[in-house]
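We number each residue from 1, following the sequence as shown. Please read all numbers here as calculations on a predicted model, not as lab measurements.
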Amino acid sequence: MLPRIIHFTGIGKPVCSSLATYLLSKGCRVTGSDESFTDFSAKQLQPTGILPEQTGWFKEKIQPHTEAVVTGPGVHAHNPEVQQARASGIPVYYYTQLVFDLARDKQRIVIAGNRGRASLTALLIHVLRHFGRPVDYVVETSIPWLSTHLSLSDAPVMIIEGLDTPEPQTGRAGFLQYQHHIAAITNINWESPAYYASENEYVAQFDALADSTPKAGILFYNENDTLASVIGAKQRNDVTSVPFKIHPHTSESGKHYVLNNHTRVPVQVFGTQNFESISAAKEILKRLGIPSEKFYEALPHFNL
């Protein structure tokens, strides 16, 4: 059952402000706090009355009547609001857990990786919308033609840009909470020890993502990325593993094209990660009933 009185610790991140706004529209009582706010979040929260007057963490905001505390990306277990909630016996959820609860009846497609994650997520949403296919989404990266970072409706499919930041209670990557049906790993590159103590611990999050693919599920992976390829190629019972690589392409007079057999399809994006995303999106969308020729029809209209 959805909690009705919710406090967001980390509401200043776009996905959390979008989720808070959605819950408010469903009749929930919502409060929030954060150390800083993106321009998007501040603008989104201002008319709702949720935007706090003061930035920072305050354990006093966790009231006895609070039914749940939702933490955003980057919130640590030692956060005073999280500690106060636990001391008071109030459930603490990472925001990805709450999204999963709201989207558990949908087909969930999770895109994970350091590079190319946002472009692949955006391309999948674009093509589905181009053909009038209802689609919900979670996007962590701002996409100019989307007005919000989260959409929840009666759409049967949800495209999710999955973050690798850990949730405070278990230390497991947030993308593991979505319980995907289809997953794609664009690349794996341990860049900072901020959240994981070692590269092995970080890589283990992606291995766990692949291993959690359900029976009859599908795992797409970038075969040009060494770690993604090692994880993706591992044998898993009743799971289909599909490699992808950079799509054949060419450029001429400053214009860029992908090659569909002998046909050049003009595109508004270029660069290795975008051409890898095009290849991955084509394969994923086949599983959603969008054949290749239809994909190439929608592709020239895509931009970031």
Side-chain angles (χ1 to χ4, degrees), residues 1-104 138-142 148-150 152 160-179 192-197 205:
M1 181 180 296
L2 181 68
R4 308 304 296 178
I5 305 174
I6 305 170
H7 178 78
F8 277 78
T9 299
I11 201 171
K13 308 301 185 294
V15 168
C16 286
S17 64
S18 295
L19 179 57
T21 302
Y22 170 81
L23 293 171
L24 189 68
S25 74
K26 296 300 178 181
C28 297
R29 291 173 56 188
V30 180
T31 57
S33 58
D34 211 326
E35 291 182 312
S36 62
F37 289 77
T38 65
D39 290 343
F40 173 89
S41 294
K43 184 177 180 180
Q44 186 179 43
L45 294 173
Q46 183 67 56
T48 67
I50 303 175
L51 184 67
E53 296 180 358
Q54 187 177 3
T55 58
W57 314 118
F58 305 93
K59 65 179 184 180
E60 297 79 14
K61 289 192 173 185
I62 311 303
Q63 297 293 314
H65 59 266
T66 302
E67 296 181 7
V69 170
V70 178
T71 58
V75 173
H76 295 277
H78 58 258
N79 181 287
E81 295 180 0
V82 173
Q83 291 182 329
Q84 179 65 29
R86 289 177 177 165
S88 303
I90 297 170
V92 178
Y93 301 94
Y94 197 44
Y95 74 104
T96 57
Q97 294 172 280
L98 187 54
V99 172
F100 166 72
D101 284 341
L102 295 167
R104 63 172 60 245
V138 176
V139 292
E140 303 284 352
T141 308
S142 294
T148 183
H149 284 248
L150 176 138
L152 281 164
I160 301 169
E161 181 187 357
L163 282 191
D164 53 19
T165 51
E167 60 100 354
Q169 296 189 83
T170 67
R172 287 162 52 87
F175 54 53
L176 295 172
Q177 304 289 344
Y178 292 117
Q179 299 187 34
S192 168
Y195 296 111
Y196 298 98
Q205 307 304 311

Would you confirm whether [X], through its side chain, and [Y], through its main-chain N or O, come within 3.5 Å as a donor-acceptor pair?
| X | Y | answer |
| --- | --- | --- |
| Gln177 | Phe100 | no |
| Tyr196 | Asp164 | yes |
| His7 | Val69 | no |
| Gln63 | Glu60 | yes |
| Gln169 | Val92 | yes |
| Glu81 | Phe58 | yes |
| Glu67 | Pro3 | no |

Taking the side chain as every heavy atom from C-beta outward, state whether [X] and [Y] have any atom pair closer than 4.5 Å.
| X | Y | answer |
| --- | --- | --- |
| Thr148 | Tyr22 | no |
| His78 | Gln83 | yes |
| His149 | Val139 | yes |
| Thr96 | Phe175 | no |
| Tyr95 | Leu163 | yes |
| Leu176 | Gln205 | yes |
| Gln97 | Pro91 | no |
| Leu45 | Thr21 | yes |

Audit row: Asn79, Thr71, side-chain contact (heavy atoms from CB on, under 4.5 Å) steps and yes/no: CA-CA 10 Å; Asn79 181 287; Thr71 58; over 6 Å; no

[X] to [Y] - nearest heavy-atom pair and separation:
| X | Y | answer |
| --- | --- | --- |
| Cys16 | Pro73 | SG-CD, 4.0 Å |
| Ser33 | Gly56 | CB-O, 3.5 Å |
| Gly12 | Phe37 | CA-CD2, 3.4 Å |
| Ala103 | Leu152 | CB-CD2, 4.4 Å |
| Ala77 | Pro168 | CB-O, 3.6 Å |
| Ile6 | Cys28 | CD1-SG, 4.3 Å |

Please assess Trp57 against Asp34 for the test side-chain contact (heavy atoms from CB on, under 4.5 Å), listing each intermediate value before the final yes or no. CA-CA 6 Å; Trp57 314 118; Asp34 211 326; 3.3 Å; yes

Pair Thr141, Glu161: side-chain N/O donor-acceptor within cut-off below 3.5 Å: yes

Heavy atoms of other groups near Arg29 CZ, more than 12 under 6.0 Å: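 No.
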
About how many Å separate CG of Leu24 and OG1 of Thr48, when rounded to the nearest 0.5 Å? 6.0 Å

Looking at NZ of Lys43 and CG of Leu51, how far apart are the two atoms once the value is rounded to the nearest 0.5 Å?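 That separation rounds to 14.0 Å.
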
Start with the C-alpha distance between Leu2 and Asp101, add both sets of side-chain angles, then the distance that settles side-chain contact (heavy atoms from CB on, under 4.5 Å), and finish with yes or no. CA-CA 8 Å; Leu2 181 68; Asp101 284 341; over 6 Å; no

Residue pair Lys13, Phe40: steps toward the side-chain contact (heavy atoms from CB on, under 4.5 Å) verdict: CA-CA 9 Å; Lys13 308 301 185 294; Phe40 173 89; over 6 Å; no

Only one of Ile11, Thr31, Leu23 passes side-chain contact (heavy atoms from CB on, under 4.5 Å) with Ile50, and that residue is Ile11

Please determine whether side chain to side chain donor-acceptor pair (under 3.5 Å) holds for the pair Thr165 and Tyr94, giving the CA-CA distance in whole Å, both sets of side-chain angles, and the decisive distance to 0.1 Å. CA-CA 11 Å; Thr165 51; Tyr94 197 44; 3.0 Å; yes

